[in-house]
Amino acid sequence: MSEPLRVGLVGYGYAGRTFHAPLIAHTAGMQLAAVASSQVEAVQADYPAALLCDTPESLFARADIDLVVLATPNASHYPLARAALRAGKHVVVDKPFTLTVQEAEALHAAASQTDRLLSVFHNRRWDSDFLLIKQLLAQGTLGRITAFESHFDRFRPQVRKRWREAAVPGAGIWFDLGPHLIDQTLQLFGMPEAIQADIHARREGAEAADDALAVLHYPGMRVLLGASCLMAGGSARFLLAGTEGSLRIDGLDNQEDQLKAGLRPGAAGWAQDPRQATLYDVGGARNMSLPNGQYSHYYAAVAAALRGEAPNPVPASEALAVMRIIEAGMASSAQGARIALG
């Protein structure tokens, strides 16, 4: 049996502790070997066998680290990923890939030049509801799709003291939840022709955008993406309308909540989603069960890609496309104009 891939994690905040560390640790063929974080006590308590590094650079310098995972604030993704690639490491970057298209293009080029794998953690490709939608579209159940809505709404009326809500580059809901909404849409329908977006801070005292609404223009189809911190009661997670029927799914995939509660891949009940989708057609309405979510598949696919057995699950080129829409959406909102995506 080959040696496990030794993974170095940079950052042990919410993303690192909730998503990356447990998923890496429960992936066959991977070992969480080192962590660079100021959260020393938390790392030692959760992963006592992991080596603690004082800085990301000291982790990058270790010859025994094969893959670096960046779960750090958004503005640090580009410089840290560039440094890790230059150190000869394969790299996984949490979303959003970068802050700008220019940075994304530079990292894409750097990965090619160094012949290293560069992947982006767009984990919501493996949400239970999204997996059902992909299945139904592949089967043609809804006919030709004429309208698609995807919402990621919350009710958080109070501004919190954290970098995601501060007046810093890469903060705000468009950089936080926008990448999820956009990446899923691109996976289903490809690149739109244009975008028109409205992205603003609406809560009292808000320093970063907390409300975003974007219309993506496709031939013969309307796509609406929304994310808000002021939507009490939430909204439909997905709405699809087609020539043969419509689909509605409420609520959110529960894998994040399970990870927060300490449930891990392989445990009883892991990734089982109790929600149901509702399919409407000429025969009326019927409920559909959701498949199990598959967050654990991402790192399994990364490991397989590094062994030469499978493709990169989220290549930099696909994350670059997401950044093009993120950037165009910001320009659209600032100008109050429709922005073409050539």
Side-chain angles (χ1 to χ4, degrees), residues 7-27 30-50 52 56 59 67-77 80 91-97 119-130 152-154 156 160-166 170-173 175-181 183-184 227 229 237 251-273 292-303 313-314:
V7 182
L9 173 64
V10 181
Y12 203 68
Y14 183 79
R17 187 172 189 174
T18 303
F19 292 102
H20 295 280
L23 292 175
I24 293 164
H26 286 79
T27 297
M30 278 191 172
Q31 177 188 353
L32 183 58
V35 179
S37 172
S38 61
Q39 306 294 321
V40 174
E41 293 182 359
V43 174
Q44 290 178 329
D46 295 341
Y47 301 96
L52 281 161
L59 188 151
L67 171 68
V68 167
V69 174
L70 302 177
T72 55
N74 298 343
S76 69
H77 290 181
L80 289 178
V91 178
V92 165
V93 185
D94 198 6
K95 62 79 202 166
F97 185 18
S119 189
V120 180
F121 187 65
H122 279 297
N123 59 300
R124 291 195 177 273
R125 293 186 184 188
W126 292 272
D127 277 1
S128 56
D129 42 25
F130 184 68
F152 210 131
D153 295 323
R154 300 161 166 167
R156 295 178 177 174
R160 294 187 287 178
K161 291 187 179 297
R162 56 177 191 153
W163 70 262
R164 294 183 188 276
E165 299 184 48
I173 205 165
F175 277 94
D176 186 20
L177 301 180
H180 291 315
L181 301 171
D183 181 68
Q184 288 180 329
C229 288
R237 176 66 183 89
L252 293 174
D253 178 280
N254 64 356
Q255 290 172 92
E256 179 175 355
D257 286 342
Q258 288 185 330
L259 288 167
K260 285 165 61 177
L263 200 66
R264 298 294 181 255
W270 163 253
Q272 293 178 6
D273 197 325
N292 287 359
Q294 299 175 351
Y295 283 1
S296 57
H297 284 208
Y298 174 77
Y299 275 110
V302 169
V314 186

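Numbers here simply count residues along the sequence, with the first being 1. The basis for the numbers below is simple: all heavy atoms, side chains too, and nothing from hydrogens, waters or symmetry mates.
When all heavy atoms are compared, the tightest approach of Phe152 to Leu181 is CB-CD2, 4.0 Å. In terms of heavy-atom proximity, Gln258 sits nearest to Ala271 at OE1-N, 2.7 Å. Considering all non-hydrogen atoms of both residues, Gly251 and Asp129 come closest at O-OD2, 4.3 Å. Taking every heavy atom of both residues into account, Gly16 and Leu9 meet most closely at O-CD2, 3.9 Å. Taking both residues in full, the closest heavy atoms of Leu32 and Ala21 are given as CD2-CB, 4.0 Å, listed atom of the first, atom of the second, then distance. Residue His26 comes nearest to Pro265 through the heavy atom pair CD2-O, 3.9 Å, listed as atom of the first residue, atom of the second, then distance.
Every side-chain hydrogen bond (donor to acceptor under 3.5 Å, both in side chains) that Arg162 has, sequence neighbours left out, goes to Glu165. Checked against side-chain hydrogen bond (donor to acceptor under 3.5 Å, both in side chains), Tyr295 has the following partners two or more places apart in sequence or in another chain: Asn123, Arg124, Asp127. The salt bridge (charged side-chain N to carboxylate O under 4.0 Å, His left out) search around Asp253 returns none, not counting sequence neighbours. Under the rule for a side-chain contact (heavy atoms from CB on, under 4.5 Å), the partners of Ala267 that lie at least two apart in sequence or sit in another chain are Leu263. For Gln294, the side-chain hydrogen bond (donor to acceptor under 3.5 Å, both in side chains) criterion is met by His297, not counting sequence neighbours. Residues satisfying the salt bridge (charged side-chain N to carboxylate O under 4.0 Å, His left out) test with Asp153, not counting sequence neighbours, are none. Residues satisfying the side-chain hydrogen bond (donor to acceptor under 3.5 Å, both in side chains) test with Asp94, not counting sequence neighbours, are none. Under the rule for a side-chain contact (heavy atoms from CB on, under 4.5 Å), the partners of Pro73 that lie at least two apart in sequence or sit in another chain are Ser76, Trp163. Every residue meeting the ring pair (Phe, Tyr, Trp, His ring centres under 6.0 Å) condition with Tyr298, not counting sequence neighbours, appears here in chain and number order: Phe121, Trp126. Scanning for side-chain contact (heavy atoms from CB on, under 4.5 Å) contacts around Ala301 gives Pro313, with sequence neighbours left out. Every residue two or more places apart in sequence or in another chain that forms a side-chain contact (heavy atoms from CB on, under 4.5 Å) with Pro96 is listed here: Asn74, His77, Phe175, Pro179, Met323.
You'll find the side chain of Val69 stays beyond 4.5 Å of the side chain of Val10, heavy atoms only. At a threshold of 4.5 Å between non-hydrogen side-chain atoms, the residues Leu252 and Arg237 count as touching. Leu259 is not listed as a side-chain neighbour of Glu256, based on a closest heavy-atom distance of 4.5 Å or more. Annotation: side chain of Val314 is in contact with side chain of Arg125 (closest heavy-atom distance under 4.5 Å). A 4.5 Å side-chain heavy-atom check between Leu67 and Val92 finds at least one atom pair inside the cut-off. When side chains are defined from C-beta on, Ser296 does not count as touching Thr27, because their heavy atoms never get closer than 4.5 Å. Side-chain contact between Tyr299 and Met30 is present, with at least one heavy-atom pair separated by less than 4.5 Å. Between Gln255 and Asp273, the closest side-chain pair of non-hydrogen atoms is not below 4.5 Å.
Salt bridge Arg17/Asp46: present, at least one basic N to carboxylate O contact under 4.0 Å.
Remark: side-chain polar atoms of Lys260 are not paired, donor with acceptor, to backbone N or O of Thr18 under 3.5 angstrom.
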Residues Ile173, Cys229; criterion side chain to side chain contact (heavy atoms under 4.5 Å, CB included); working and verdict: CA-CA 8 Å; Ile173 205 165; Cys229 288; 3.9 Å; yes

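Here NE2 of His122 is found 4.5 Å from CG of Asp183. Values are rounded to the nearest 0.5 Å. Atom OG1 in Thr72 sits 15.5 Å away from atom OH in Tyr12 (nearest 0.5 Å).
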Which donor-acceptor pairs under 3.5 Å do the side chains of residues 33-44 make with protein atoms, sequence neighbours left out?
{"residue": "Ser37", "atom": "OG", "partner": "Gln39", "partner atom": "N", "Å": "2.9"}

